[in-house]
S.K.: 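Structure provided below as structure tokens; questions to follow.
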Amino acid sequence: MAVGSVQILGTGQLIVLQRKLRAAGHENIRSSMQRRIRRAAEPLRDDLQDTIRGLSIRSAGRGSGKRGGVSPTTRPLRATIAGAIRISVRTAGTPGARVWVDKGMLPPDLKSMPQTINTGRIRHPVYGNRRRWATQTATPLWWDKTVARHKSRMESEVARVVDDVRRRLE
């Protein structure tokens, strides 16, 4: 699973249900359904944000005689990525909830960083010097493991919402 997007879809059930809602003109039921689906996805988003904020990124350290210094950027990497994790709920097309990394909220040089960190290996130039590179490690598959912990709960919650709305329409 790639970092960037997780979709919980009960596509067949949700599409049929959305058509019935639109035909019946039940706007309050539709907005309630959207709100409940969003609430089902919020714990996943929150856990993904907490996971990336607390993720340990380690380096091999400096050898003797190597120089170091302060970072040339004041951006907090993990907090920046956590702030870009979003939820969207769709009711048309392919209805469902989507938890994703909004790359538009990331600086240009960090657009691929969530996927890179998910691999567990981050290779980058030392303080912007492209002749000198460093490799850092992180817990691999942070996105995938967090999603896997929430997937069954979210699917059952969306199924419960669909059943509730179906009963209200009948």
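Because the structure is predicted, anything quoted here is derived from the model rather than measured. Below, all heavy atoms of this structure are taken into account, side chains as well, without hydrogens, waters or symmetry copies.
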S.K.: Mind checking what makes side chain to side chain donor-acceptor pair (under 3.5 Å) contact with S56, not counting sequence neighbours?
M.R.: R58

S.K.: Which pair of heavy atoms, one from R130 and one from P125, lies closest together, and at what distance?
M.R.: NH1-CG, 3.3 Å

S.K.: Applying side chain to side chain contact (heavy atoms under 4.5 Å, CB included), can you list everything that pairs with A41, at least two apart in sequence or on another chain?
M.R.: I87, A97, V99, M154

S.K.: Given D144 and N118, is the side-chain contact (heavy atoms from CB on, under 4.5 Å) satisfied, shown in steps?
M.R.: CA-CA 8 Å; D144 301 344; N118 198 48; 3.6 Å; yes

S.K.: Q136: which residues meet the side chain to side chain donor-acceptor pair (under 3.5 Å) condition with it, sequence neighbours left out?
M.R.: H124

S.K.: So how far is it from S88 OG to Q34 CD, rounded to the nearest 0.5 Å?
M.R.: 11.0 Å

S.K.: A40 and E157: which non-hydrogen atoms are nearest, and at how many Å?
M.R.: CB-CG, 3.3 Å

S.K.: Check side chain to side chain contact (heavy atoms under 4.5 Å, CB included) between R167 and all other residues, then give those that pass, not counting sequence neighbours.
M.R.: D163, D164

S.K.: Could you work out, with side chain to side chain contact (heavy atoms under 4.5 Å, CB included) as the rule, every residue matching S32, not counting sequence neighbours?
M.R.: R35, R36, R168

S.K.: Going by heavy atoms in the side chains, are P140 and T119 under 4.5 Å from each other?
M.R.: no

S.K.: When you look at I81 and M113, which way does the side-chain contact (heavy atoms from CB on, under 4.5 Å) test go after all the steps?
M.R.: CA-CA 8 Å; I81 293 170; M113 191 54 72; 3.9 Å; yes

S.K.: Please lay out, stage by stage, how M105 and R86 fare under the test side-chain contact (heavy atoms from CB on, under 4.5 Å).
M.R.: CA-CA 10 Å; M105 302 234 4; R86 299 271 183 252; 2.5 Å; yes

S.K.: With sequence neighbours left out, which residue pairs that include part of residues 108-128 fulfil the salt bridge (charged side-chain N to carboxylate O under 4.0 Å, His left out) condition?
M.R.: R75-D109

S.K.: For R131, which residues count as a side chain to side chain donor-acceptor pair (under 3.5 Å) partner, sequence neighbours excluded?
M.R.: none

S.K.: Once salt bridge (charged side-chain N to carboxylate O under 4.0 Å, His left out) is applied, do any residues pair with R39, and if so which ones, sequence neighbours excluded?
M.R.: none

S.K.: Can you give the donor-acceptor pairs under 3.5 Å from side chains of residues 46-55 to other protein atoms, not counting sequence neighbours?
M.R.:
from: D47; atom 1: OD2; to: R149; atom 2: NH2; distance (Å): 3.0
from: D47; atom 1: OD2; to: H150; atom 2: NE2; distance (Å): 2.8
from: Q49; atom 1: NE2; to: A82; atom 2: O; distance (Å): 3.0
from: T51; atom 1: OG1; to: D47; atom 2: O; distance (Å): 2.7

S.K.: Kindly compute the distance separating OG (S112) from CD1 (I117), expressed to the nearest 0.5 Å.
M.R.: 9.5 Å

S.K.: What distance do I122 atom CD1 and T135 atom OG1 have between them, rounded to the nearest 0.5 Å?
M.R.: 9.5 Å

S.K.: Going hydrophobic residue to hydrophobic residue with side-chain gaps under 4.5 angstrom, can you get from L110 over to I57?
M.R.: yes

